[in-house]
**Student:** 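One structure, as structure tokens, below. Some questions next.
Please read these numbers as outputs of a predicted model, since none were measured by experiment. All values below were derived from every heavy atom in this structure, side-chain atoms included, with hydrogens, water molecules and symmetry-related copies excluded. Quick note: residue numbers are just sequence positions, from 1.
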Amino acid sequence: MLNSLRQYPQTRLRRTRLHPWARRLVREHTLTVNDFIWPLFIVKGEQQRQAITTMPGVYRLSIDVLVEEVKQAQALNIPAIALFPMIDQSLKDPQGSEALDPNNLLCNAIKALRAANLDIGIICDVALDPYTDHGHDGVIINNEVDNDATIEILCQQALIQAQAGCDIIAPSDMQDGRIGAIRQALDQHDLSNTMILSYAAKYCSNFYGPFREAVGSQANLSKKTQNPLLGSKASYQQDIANSEEALHEVALDLNEGADLIMVKPGMPYLDIITKIKQTFKVPTFAYQVSGEYSMLQNLSQQDGQDFQKLMLETLISFKRAGADGIFTYAAKEIASFLQTTNGNKIY
């Protein structure tokens with residue numbers, strides 16, 4: 001409760017805002033490079049740096065270029081990266097079979113990073129949408145995404161990623177029960193140290209569009225279907241109007257063995273981050289998704305706003321809400337800025 005004895009003019013809150021050094025002394029939340037996870041897109045080939053038109057400054061990288069970029073991330077002390085593959089359309093099928101090839105694009109990228117002996121965490125997405133010709137996160141049976149059949153495939157996908165050298169398995173598919181099944185599969189294969197980051201509160205959001213372009217799933221998802229629900233992911237991703245439901249999702253995933261929790265998207269769901277952190281007091285991450293990133297880029301380019309300042313303001317809002325880590329496409333840029341700010345990597 002606020003101290004009711006404090007009142008104007010004896011109390012002037014502007015006093016502690018007057019000087020930069022004073023603001024630093026009383027600042028409640030800080031942003032450091034230790035808060036960042038850098039999402040990166042992978043594409044086949046060599047010396048490839050393909051611009052993503054809807055995400056200015058973000059590229060699809062071939063594995064050789066990826067390794068060099070991650071070396072730079074390590075030099076900036078970014079703790080972890082998250083990898084997302086752009087799979088050739090010819091390799092996609094209804095079951096997402098390419099996801100289970102231990103020599104697929106993603107697994108080869110993991111192996112290349114391990115061969116480079118980089119001291120940085122590798123997080124891998126577990127979901128079938130980059131690999132299916134219909135763009136959904138699971139397999140379709142009887143004209144709907146089948147929960148249990150999908151889980152069987154996700155367990156295999158998680159295993160090959162962990163065996164390739166992934167540190168954190170991140171199921172983003174929103175199928176019920178997949179955390180427990182994946183945890184059991186990892187433990188049975190002597191991979192008990194592999195962490196699980198659950199996208200426990202992943203909403204059926206309109207902010208994912210640029211990402212779906214980046215991994216090539218948007219066009220497939222938009223195909224006409226006999227079932228209108230299959231034109232979106234509303235049947236398994238969380239309803240944007242619900243908040244208590246997110247707490248149930250998190251409770252289930254923690255009971256099944258999740259080590260870390262994700263809220264996605266980030267900025268429209270700051271209240272969810274706060275509720276989860278206050279309720280469970282577990283490591284909680286926010287994903288500043290592609291639409292959020294692109295929105296800030298567009299504001300900067302079209303209205304002349306400073307992108308770096310816009311980004312810093314939104315990133316600190318995640319910390320204020322209670323996030324322990326932040327997935328952001330601006331991780332490298334902001335980490336570089338923080339490295340030059342008073343030399344202390346703190347904002």
Side-chain angles (χ1 to χ4, degrees), residues 37-55 58-70 73 80-116 118 120-139 150 153-173 182 197 199 202 208-221 233 262 264 287 289-290 327 329 331:
I37 299 99
W38 190 21
L40 292 161
F41 298 104
I42 323 163
V43 69
K44 70 176 182 179
E46 296 181 357
Q47 291 299 304
Q48 293 293 310
R49 185 184 292 270
Q50 301 176 357
I52 300 169
T53 57
T54 54
M55 299 177 70
V58 179
Y59 302 86
R60 301 184 194 94
L61 308 173
S62 55
I63 292 175
D64 54 337
V65 179
L66 171 74
V67 171
E68 295 307 310
E69 287 288 336
V70 177
I81 57 168
L83 301 178
F84 299 93
M86 166 70 163
I87 303 300
D88 191 275
Q89 187 66 27
S90 65
L91 297 174
K92 298 184 180 185
D93 62 24
Q95 291 75 40
S97 304
E98 180 66 10
L100 304 186
D101 183 350
N103 293 307
N104 64 24
L105 179 63
L106 178 61
C107 290
N108 286 339
I110 300 168
K111 294 170 189 175
L113 292 169
R114 287 299 174 223
L118 297 173
I120 195 166
I122 300 175
I123 302 173
C124 292
D125 181 59
V126 173
L128 298 183
D129 51 328
Y131 303 93
T132 55
D133 58 8
H134 46 71
H136 277 282
D137 296 51
V139 293
T150 296
I153 300 173
L154 296 178
C155 288
Q156 299 175 60
Q157 183 184 19
L159 276 175
I160 68 163
Q161 292 177 359
Q163 289 166 344
C166 174
D167 298 293
I168 302 178
I169 296 297
S172 66
D173 58 288
I182 291 172
L197 164 60
Y199 285 62
K202 182 178 180 181
Y208 299 147
F211 175 92
R212 290 174 182 167
E213 180 203 342
V215 298
S217 66
Q218 181 61 54
N220 292 331
L221 186 63
K233 301 186 179 184
M262 174 79 84
K264 182 180 181 182
Y287 200 134
V289 299
S290 58
F327 280 57
Y329 298 99

**Student:** Any sub-3.5 Å donor-acceptor pair from Arg114's side-chain atoms to Gly165's backbone N or O?
**Tutor:** yes

**Student:** State, with a plain yes or no, whether a side-chain heavy atom of Tyr287 is found less than 4.5 Å away from one of Lys202.
**Tutor:** no

**Student:** Between CD of Gln161 and CD1 of Ile182, what distance do you get to the nearest 0.5 Å?
**Tutor:**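 So the gap between those two atoms works out to 9.0 Å.
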
**Student:** With distance as the sole test, does Arg49 use its side chain to make a donor-acceptor pair with the main-chain N or O of Val65 at under 3.5 Å?
**Tutor:** no

**Student:** Is there a donor-acceptor pair under 3.5 Å between the side chain of Asp167 and the backbone N or O of Ile122?
**Tutor:** yes

**Student:** Would you mind reporting whether Tyr59 and Gln50 have side-chain heavy atoms less than 4.5 Å apart?
**Tutor:** no

**Student:** Could you tell me whether the side chain of Asp88 reaches within less than 4.5 Å of the side chain of Lys44, counting heavy atoms only?
**Tutor:**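 With C-beta onward as the side chain, the pair touches.
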
**Student:** Could you tell me whether the side chain of His136 and the main chain of Gly138 form a donor-acceptor pair under 3.5 Å?
**Tutor:**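 No: the side chain of His136 does not pair with the backbone of Gly138.
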
**Student:** Side chains of Arg60 and Phe84: closer than 4.5 Å at any heavy-atom pair?
**Tutor:** no

**Student:** Look only at the side chain of Thr132 and the backbone of Gly96, and say whether a donor-acceptor pair between them is shorter than 3.5 Å.
**Tutor:** no

**Student:** Any chance the side chains of Glu213 and Thr54 put a donor and an acceptor closer than 3.5 Å?
**Tutor:** yes

**Student:** I need the Leu128 CG to Ser97 OG distance, nearest 0.5 Å.
**Tutor:** 9.5 Å

**Student:** I want to check something: taking the side chain as every heavy atom from C-beta on, are Ile81 and Pro39 in contact at a cut-off of under 4.5 Å?
**Tutor:** no

**Student:** Does Asn108 have any side-chain hydrogen bond (donor to acceptor under 3.5 Å, both in side chains) partners at least two apart in sequence or in another chain, and if so, which?
**Tutor:**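 If we apply the side-chain hydrogen bond (donor to acceptor under 3.5 Å, both in side chains) test to Asn108, skipping adjacent residues, there are no hits.
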
**Student:** How about Phe327 and Lys264: do any of their side-chain heavy atoms sit closer than 4.5 Å?
**Tutor:** no

**Student:** What are the two closest heavy atoms between Ala214 and Ile52, and how far apart are they?
**Tutor:**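 Closest pair (atom of Ala214, atom of Ile52, distance): CB-CD1, 3.6 Å.
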
**Student:** Is there a donor-acceptor pair under 3.5 Å between the side chain of Ser172 and the backbone N or O of Asp125?
**Tutor:**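 Not a single qualifying donor-acceptor pair exists.
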
**Student:** So, for Asn103 and Lys111, which heavy atoms are closest and what is the spacing to 0.1 Å?
**Tutor:** OD1-NZ, 3.1 Å

**Student:** Closest approach of Val67 and Leu118, non-hydrogen atoms and distance?
**Tutor:** O-CD1, 4.2 Å

**Student:** Can you list the steps and then say if Ile160 with Asn104 is a side-chain contact (heavy atoms from CB on, under 4.5 Å)?
**Tutor:** CA-CA 10 Å; Ile160 68 163; Asn104 64 24; 4.1 Å; yes

**Student:** Within this structure, what is the CG-CD1 distance for the pair Leu113 and Ile120, rounded to the nearest 0.5 Å?
**Tutor:**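 Going from CG on Leu113 over to CD1 on Ile120, the span is 8.5 Å.
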
**Student:** First locate atom CG of Leu61, then atom CD of Gln48, and finally report the distance between them rounded to the nearest 0.5 Å.
**Tutor:**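 If we round to the nearest 0.5 Å, Leu61:CG and Gln48:CD are 10.0 Å apart.
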
**Student:** Supply the atom-to-atom distance Leu66 CG to Ser62 OG, rounded to the nearest 0.5 angstrom.
**Tutor:**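 Output value for this atom pair is 8.5 Å.
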
**Student:** If I compare all heavy atoms of Ile63 with all of Ala112, which pair ends up nearest, and what's the gap?
**Tutor:** CG2-CB, 3.5 Å

**Student:** Side-chain contact, heavy-atom cut-off 4.5 Å: Ile123 with Ile37?
**Tutor:**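 With C-beta onward as the side chain, the pair touches.
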
**Student:** For the residue pair Ile110 and Cys124, what are the closest heavy atoms and their distance?
**Tutor:** CD1-SG, 3.4 Å

**Student:** Any sub-3.5 Å donor-acceptor pair from Asp137's side-chain atoms to Ala127's backbone N or O?
**Tutor:** no

**Student:** Between CG of Asp133 and CD1 of Ile87, what distance do you get to the nearest 0.5 Å?
**Tutor:**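 Answer for the CG-CD1 pair, Asp133 versus Ile87, is 13.5 Å.
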
**Student:** At their closest point, which heavy atom of Gln157 faces which heavy atom of Val126, and how far apart are they?
**Tutor:** OE1-CG1, 3.5 Å

**Student:** Checking Glu98 against Tyr131 for the side-chain contact (heavy atoms from CB on, under 4.5 Å) test, could you report, in this order, the C-alpha distance in whole Å, the side-chain angles of both residues, the deciding distance, and whether it holds?
**Tutor:** CA-CA 6 Å; Glu98 180 66 10; Tyr131 303 93; 3.8 Å; yes

**Student:** For a 4.5 angstrom cut-off between non-hydrogen side-chain atoms, does Pro94 reach Val139?
**Tutor:** no

**Student:** Do Asp129 and Lys233 pass the salt bridge (charged side-chain N to carboxylate O under 4.0 Å, His left out) test, and can you show the C-alpha distance, the side-chain angles, and the key distance before you say yes or no?
**Tutor:** CA-CA 11 Å; Asp129 51 328; Lys233 301 186 179 184; 3.3 Å; yes

